[in-house]
Structure formats: C-alpha cells, structure tokens
Amino acid sequence: MSRALLVLSLGLVVFRVLSAAFVVTQPGFTDAYYYVDVAQRLAHGQGLTADFIWNFLEAPHLEELPVPSHRFWMPLATVVQAAGIATLEPILGTFRSAQAAIIAVAAFVPAAAYVSARSIGASSRAALVAAALAGLGGFTFAPAWVTLDSFAIAGLVGTIFFVAFGRAAAGDVRAGATAGVLVGLLFLARAEGALFGVALLALTLPRSSRAAGIAGSAVALVIGLAWLARGLVLPGSPATAFAKGVFLVRYEDFFALTPTGSADLATLVGVRLSALWSDLVVALAALLLFLVVPLFLGLRTGWRLPAVRAFAALALLIYVAEGLVWPLHPTRGSYFHSLAAFFPFAMALVALGGETWLARFEQSARRLATYGTLGAVLVLAVFGLTNWNASFNEPYRARVAALGLIPPGPFLAIDAAAWRWISDRSVLIAPADGPETAACVATAYHAQSLVLEAAHFSAYQSLYDGSGSPWFGQRGESGAIRVYSLVGNPGCPPLPRIIR
C-alpha cells in the first residue's frame, strides 16, 4: 500500500468514526435493528435465533420464542457484528462494538477501490481519486458505510470480486476459486449476491478460463447450498418468502398472516414497471448524477477488459431481477442495498473515465475538475449524514420517549426489530390483517399491548383515528405513538398458521 493511499484510508476512517459518533448513534431502520438484535444473541452463545418476530416468515405457525432467525435476510452482517460484540462489548457496549466491526470492514473499501482502479488501467493518481470517492460515499453511502447493515461488507466483497474475476478470466484457477468464495460471501450478505455466480458460469465457456470458472462455480455452489440446506430443515417452506415477493402487489401483505391474495396480470406488470423506474432513479442518485458521464466514459475505455464487461452485465442483471422478480422490496430499499456491491468499482470506472477525458486539458484544469468533484462529493456526504439524522434519529428518540407507556412483557408493534432493541423485550409484528388477528397473536404470545405509530398498516387506521376496537383500548399517547391494551379475545378464527 502506497503512503498516499494509507494516509487517505486513515483520513477516511476518521471521517467514518466522526460520522458514527455524531450521526449514526443507533441502528436506525428495520434491517439494521434486526441484524444487531440477533448478533447480540449470537455473540452470547444463543446462535442464529430471535426472541422477537419481525415477520411471520420466521414463525409460520406462531412457534414459541426464540425462533430460528434469518429466514428472509442473510446472516453475514449479523456474524460480523457478533464478532465485534464478542470482542469489544465490555469496552464499547453492544451497539458501538457491533458498529466498530462494520467500520473496520469499511476501512478497506477505499483500498479495494484503489486496487480495482489500477486493475483496469487507471493511473495511481486516478486510483486515489477512486478511493476517495468510494470512501466518502456521497449522499447515499456516507451514512451507509457505518450503519449496522450489509453495505460495507457488500461494497468490499463485491469490489474484490471484480478484481479476482479479471484474473480468473486470464486463466488463473486460484483467482477463480477466490472469486467463488467472494460470490459465496456476497450471497451470505445479500441474497441477490448469488447472481454474481452467473459471471463465473460465463468463465466456463472459453477454453482459456474454463478451469477457473469451474473452480469458482464449485466453491460458490458449496457455500450457497450449505446455507440453503439450513433453511430446508427449518419449519415452513423456504419458498414462502420467494412467493410473497413475486406474487404480492401490496407491501402490507408481506406482513400478513393471511395475505389478501395475488392480483391480475395487468397489476403485476404495472408494479414491475413502476419498480424498474424507481430503481433507475435510485441508481442515478447513488451515482450522484454528475458522475454518470465519467462512468460511461470509463465503461467505454475499459470495455475490452473482462472485469468491466462483467460489472456492466451483472449491474444490468441485478437491476432487472430486482425490478421484475421482487418488485415489492427494491422500492423500499432492497435495490439501494444491492448497489453497494457495485459502488466502489463504479468509482474506479469514474476515475478511469474522468482521467481519460481530462487528458486533453491542461494540468490546472484537470486539478480543478478533480478537486471540485471531490469537494462536491464531500458536501453531499455531509448532507447525506444530516438527512440520516433527521430520518432515523428523530423517530428513535420518539420511540424512547414513549417506552414508559408500554406495560411490562411482550407487546405488538409494526417494527418489531426496532422495538425489540429499544425495549429489550420480546416484540411481535402487529399483523397487517388488522386488530382482530393482532388480538389472536397477542393471546398466543401472552402479550397485553399494541403500539401504533404514525406509519402503520391500513387495517389499523380506524383504531389509530380513535374509532375504538372490541379487542384493544387506548392506554396512552406520546406524540404520534399510541399504546393500546388488549381488552378482548376475538375467539381467534381458524387461521392455518396459528398453533393451539
């Protein structure tokens, strides 16, 4: 590692630490809460289990708590955080020790971007620019690199994958096997990471890279099958999550015990077209808009290289898969998560394209363009952190303020993972079916209260508006958060997933 890269990386670590210290002071959103909730249990020797239910996919028959975790989300972010908790919890506490592990991973993202830029022909100076762009992250990834999620992990692993892939395409079998390990890790970080294996399969076609492609595909397959085997031995069908993502058109139904059912063909197509448009906007925002042109120039300059073609093909494949196969989730953050695996390598291409285009100008103009771009990305990064603070810290404080209104014991809420972290109690998802089903879930788990926030499933609107319910009576109110007590038993209709 060059001295300049080392200094830059250390400077970006300081930026990460300051971001964590002053902005990302709690998990923030459901995914992150979930990962750290389970990571704490894993670090304490309780395995991949959850003493809360964020979605009935993990308790298809309302099984007794704790239940096996990660029936929908993948485990790698939890495992990394658990390592941090097991090592540093006595010194930093649970949250900061988990976050320290993520920051440690993110510390290597700039170096990975530097190496990838050099591997596609960028000069050392341009590679440093790529490292800085990737490390700063702009509006979108500046907070993401320090959240308790899979962003930093996917960013690092995905970038190294493209470097290894380039070497495997030249016939390096060891690089092919390494790329296979990286695909396996990407899959364990994000389910769509399995699609990176398509690039390894493509390597098996030319004679020169066939052995590398077979080695990589075999390694990735072993890792993937091992995780899928775990899902097959758990209660319920592993196909349920897939079916819900593909055939439902209302996001609320993903959180229902009894979904309202699938829609007609026109609705299914419309939802997918809407998702494709939304995902395109997200991709442009992640590239900070003004970096789209140098990215295109970088793709054109490096198109002869297998790694660059693989980047373009996989980016398109995952864009289409997210929009057409799982249209409900990408528009609520899934596709933004997917982009993390591409972002650092995209910055390498931006640096390559920018360097190629700026070569026609004098050195002073090149310097002005470079520092201007870095300055703009830094400003956007600070703005992104400010936006994260407003989006997640304020709701967190509101939940903490309302905690005293909730009686002891388990309770129901729309964001069970978040409330589990905040309350340190077992929390059950308030089913999207409505108050009657919620009363049945509460009875099954001996819960006595329901928490509703301003964002809640539509079936609870009348209860939230004050119309009342035969099963829940209002107990207290804190801002937009309202707490209700279980006052009646609806007799619990014969829902197929409820165990007596």
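Quick caveat, the model's predicted, so the values are computed rather than measured.
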- Heavy-atom closest contact (Ala459 atom, Asp433 atom, distance): CB-O, 3.7 Å
- Is the closest side-chain heavy-atom distance between Val80 and Val105 below 4.5 Å? yes
- Item | Minimum-distance pair of heavy atoms, taken over all atoms of Leu12 and Gly135 | CD1-CA, 3.8 Å
- Message: We want to know whether Glu89 and Thr94 form a side-chain donor-acceptor pair, criterion being a heavy-atom distance below 3.5 angstrom.
- Response: yes
- Would you say Thr147's side chain and Ala144's backbone share a donor-acceptor pair under 3.5 angstrom? yes
- Query: Which heavy atom in Arg190 sits nearest to a heavy atom in Ser150, and how many Å separate them?
  - Reply: CD-OG, 3.2 Å
- Does Leu228 reach the side chain of Phe187, with side-chain heavy atoms less than 4.5 Å apart? yes
- Query: Is the side chain of Glu58 donor-acceptor paired with the backbone N or O of Arg71 at a distance under 3.5 Å, no angle test?
  - Reply: yes
- Message: Would you say that Ser69 contacts Thr49 through its side chain, given a criterion of any heavy-atom pair below 4.5 Å between the two side chains?
- Response: no
- Please report the C-alpha distance between Ser423 and Phe411 in whole Å, then the side-chain angles of each, then the deciding distance to 0.1 Å, and finally whether the side-chain contact (heavy atoms from CB on, under 4.5 Å) criterion is met. CA-CA 10 Å; Ser423 68; Phe411 61 93; 3.7 Å; yes
- Can any side-chain N or O of Arg425 pair as donor or acceptor with the backbone N or O of Gly409 at less than 3.5 Å? yes
- Message: In the structure I gave you, are the side-chain heavy atoms of Arg475 and Pro407 within less than 4.5 Å of one another anywhere?
- Response: yes
- Who passes side-chain hydrogen bond (donor to acceptor under 3.5 Å, both in side chains) against Ser478, sequence neighbours left out? none
Under 3.5 Å, which donor-acceptor pairs link side chains of residues 373-382 to any protein atom two or more places apart or in another chain?
from, atom 1, to, atom 2, distance (Å)
Thr373, OG1, Ala369, O, 2.8

- Are the side chains of Leu349 and Phe345 in touch, meaning some heavy atoms are under 4.5 Å apart? yes
- Task: In sequence, state the C-alpha distance, the side-chain angles, and the governing distance for Leu450 and Leu486, and then conclude on side-chain contact (heavy atoms from CB on, under 4.5 Å).
- Result: CA-CA 7 Å; Leu450 164 70; Leu486 181 67; over 6 Å; no
- Heavy-atom closest pair, residues Leu428 and Ala447: CD2-CB, 4.3 Å
- Query: Atom CZ in Arg96, atom CG in Leu88: separation rounded to 0.5 Å?
  - Reply: 13.0 Å
- Can you measure from CG (Leu188) to CD1 (Ile153) and round to the nearest 0.5 angstrom? 10.0 Å
- Item | Which atom of Leu463 lies closest to which atom of Tyr484, heavy atoms considered | O-OH, 3.2 Å
- Query: Rounded to the nearest 0.5 Å, what separation is found between the CE atom of Met347 and the CZ atom of Phe342?
  - Reply: 13.0 Å
- Task: Any pair with a residue in residues 399-420 that passes side chain to side chain donor-acceptor pair (under 3.5 Å), sequence neighbours left out, goes on the list, sorted by first then second residue, please.
- Result: Thr30-Asp415, Asp51-Arg420, Arg399-Glu453, Trp419-Glu453, Arg420-Asp424
- Task: Could you tell me whether the side chain of Glu63 and the main chain of His61 form a donor-acceptor pair under 3.5 Å?
- Result: yes
- Do Trp471 and Ser485 touch side chain to side chain, with heavy atoms closer than 4.5 Å? no
- Are Phe343 and Phe151 close enough that their ring centres sit under 6.0 Å apart? no
- Say whether, by atom type as modelled, one donor and one acceptor occur between the side chain of His456 and the main chain of Ala454 under 3.5 angstrom. yes
- Could you walk me through whether Leu18 and Phe22 pass the side-chain contact (heavy atoms from CB on, under 4.5 Å) check? CA-CA 6 Å; Leu18 292 175; Phe22 294 103; 3.8 Å; yes
- Check step by step if side chain to side chain donor-acceptor pair (under 3.5 Å) holds for Ser458 and Glu252. CA-CA 8 Å; Ser458 58; Glu252 289 191 1; 3.0 Å; yes
- Message: Are Gln99 and Val36 packed together at the side-chain level, in the sense that at least one heavy-atom pair is separated by less than 4.5 angstrom?
- Response: no
- Message: Would you say that Val23 contacts Pro143 through its side chain, given a criterion of any heavy-atom pair below 4.5 Å between the two side chains?
- Response: no
- No-hydrogen, no-angle side-chain donor-acceptor test under 3.5 Å, Thr78 and His70: yes
- Query: Hey, what's the ring geometry for Phe196 with Phe161, parallel, tilted or perpendicular (30° and 60° as the breaks)?
  - Reply: perpendicular
- Task: May I ask you to decide if Phe254's main-chain N or O and Asn55's side chain share a donor-acceptor pair within less than 3.5 Å?
- Result: yes
- Leu299 and Ala312 have their tightest heavy-atom pair at CD2-CB, 4.3 Å
- When rounded to the nearest 0.5 angstrom, what is the spacing between OG1 in Thr140 and CG in Leu339? 8.0 Å
- CA sep, side-chain torsions, deciding dist, call: Ile422, Tyr33, side-chain contact (heavy atoms from CB on, under 4.5 Å): CA-CA 9 Å; Ile422 293 168; Tyr33 280 114; 4.3 Å; yes
- Message: Using ring-ring contact (aromatic ring centres under 6.0 Å, His included), reason through Phe255 and Phe457 one step at a time and then give a plain yes or no.
- Response: CA-CA 9 Å; Phe255 298 93; Phe457 298 129; 5.7 Å; yes
- Query: Hey, would you say the Phe52 and Tyr445 ring centroids sit under 6.0 Å apart?
  - Reply: no
- Task: Check whether the ring centres of Phe29 and Tyr34 lie less than 6.0 Å apart, and answer yes or no.
- Result: no
- Any chance the side chains of Glu322 and His337 put a donor and an acceptor closer than 3.5 Å? no
- Query: Which distance, rounded to the nearest 0.5 Å, do you find between the CD of Gln81 and the CG of Leu148?
  - Reply: 4.5 Å
- Going from CZ on Phe472 to CD on Gln448, what distance comes out if it is rounded to the nearest 0.5 angstrom? 9.5 Å
